> 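Got a structure for you, written out below as structure tokens; questions coming shortly.
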Amino acid sequence: VQLQASGGGLVQAGGSLRLACAAPANIFAINVMGWYRQAPGKERELVASITRGGGTKYSDSVKGRFTISRDGAKNTVYLQMNSLKPEDTAVYYCNTDKLYYGGSSYALNVWGQGTLVTVSS
């Protein structure tokens, strides 16, 4: 199983983008969801995360500019990115630490395929 990330693209500095990450339709629920990013030549870093209860955390580099949210009914998580900077350019990946199929069945550490965000100066 894989999460489906979308919403990347090319935007000018100061602009906005909204990323979405959806779990397959037959999934019962997802646990903590995180958005990560990896810029060329750099390690993957955690940008934001949200728990099932809606608790959020952000990296210092995006705090105040990015907002993570989730739609539990759709098993979808969003990342609203405002005031984008060229240093935000990266491939963005979504991840959940635990995905529930229903009953006692689940999967751990599930990733999306990545979506490219390019911010021009």
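No hydrogens, no waters, no symmetry mates; every other heavy atom, side chains included, goes into these values. What you see is a predicted model; the values in this text were computed from it and never measured.
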> When you look at Ser69 and Gln80, which way does the side chain to side chain contact (heavy atoms under 4.5 Å, CB included) test go after all the steps?
CA-CA 8 Å; Ser69 61; Gln80 178 67 43; over 6 Å; no
> Just do the salt bridge (Lys or Arg N to Asp or Glu O under 4.0 Å) check on Lys63 and Asp60 with the steps written out, would you?
CA-CA 5 Å; Lys63 201 172 294 183; Asp60 288 342; 3.3 Å; yes
> Within a strict 4.5 Å, meaning less than it, do heavy atoms of the Leu19 and Tyr78 side chains meet?
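Counting from C-beta outward, Leu19 and Tyr78 never come under 4.5 Å.
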> Could you walk me through whether Cys21 and Met33 pass the side chain to side chain contact (heavy atoms under 4.5 Å, CB included) check?
CA-CA 9 Å; Cys21 178; Met33 178 71 83; 4.0 Å; yes
> Show the nearest heavy-atom pair for residues Cys94 and Leu3, with the distance to one decimal.
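Minimum heavy-atom contact is SG-CB, 3.8 Å.
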> Before giving the answer on side chain to side chain contact (heavy atoms under 4.5 Å, CB included), spell out for Ile68 and Tyr58 the whole-Å C-alpha distance, their side-chain angles and the decisive distance to 0.1 Å.
CA-CA 9 Å; Ile68 189 170; Tyr58 299 91; 3.5 Å; yes
> So, the side chain of Thr76 versus the backbone of Lys74: is there a donor-acceptor pair under 3.5 Å, distance only?
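Indeed, once roles are kept as given, a pair shorter than 3.5 Å links the two residues.
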> Side chains of residues 112-121: which donor-acceptor partners sit under 3.5 Å, not counting sequence neighbours?
from, atom 1, to, atom 2, distance (Å)
Gln113, OE1, Ala5, N, 3.0
Gln113, NE2, Ala5, O, 2.8
Thr115, OG1, Gly8, N, 3.0

> Hey, could you give me the CD1/OG1 distance between Ile50 and Thr56, rounded to the nearest 0.5 Å?
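Output value for this atom pair is 6.5 Å.
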> Could you tell me whether the side chain of Thr51 and the main chain of Gly54 form a donor-acceptor pair under 3.5 Å?
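Looks like yes, one N/O pair under 3.5 Å.
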> Is there a donor-acceptor pair closer than 3.5 Å between any side-chain N or O of Asn95 and the backbone N or O of Val110?
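Side chain of Asn95 to backbone of Val110: a pair is present.
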> Between Gln38 and Lys42, what is the shortest heavy-atom contact and its length?
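Reported closest heavy-atom pair: NE2-O, 3.2 Å.
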> Quick one: does Arg70's side chain have a donor or acceptor within less than 3.5 Å of a partner on Val32's backbone?
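No, the answer is negative, given that no donor and acceptor are paired below the 3.5 Å cut-off.
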> Return yes if some donor-acceptor pair links the side-chain N/O of Ser105 with the main-chain N/O of Gly102 below 3.5 Å, else return no.
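Judged by distance alone, no pair lies under 3.5 Å.
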> So, taking the atom named CD1 in Ile30 and the one named CG in Asp97, what distance separates them when rounded to the nearest 0.5 Å?
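Ile30 CD1 to Asp97 CG: 9.5 Å, rounded to 0.5 Å.
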> Give the intermediate values and the outcome of side chain to side chain contact (heavy atoms under 4.5 Å, CB included) for residues Leu79 and Thr67.
CA-CA 6 Å; Leu79 186 68; Thr67 302; over 6 Å; no
> Does Arg65 use its side chain to pair, donor to acceptor, with the backbone of Ser83 at less than 3.5 Å?
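Yes; at least one donor-acceptor contact below 3.5 Å.
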> For Gly15, does its backbone N or O pair with a side-chain atom of Asn82 as donor and acceptor, under 3.5 Å?
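Flag not set: sc Asn82 to bb Gly15 has no pair under 3.5 Å.
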> Show every ring-ring contact (aromatic ring centres under 6.0 Å, His included) that has at least one partner inside residues 18-49, sequence neighbours left out.
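Counting only pairs at least two positions apart or across chains, the ring-ring contact (aromatic ring centres under 6.0 Å, His included) contacts touching residues 18-49 are Tyr36-Trp111.
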> Once you round to the nearest 0.5 Å, how far does CZ of Phe66 lie from CG of Leu17?
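Nearest 0.5 Å value for the CZ-CG distance: 9.0 Å.
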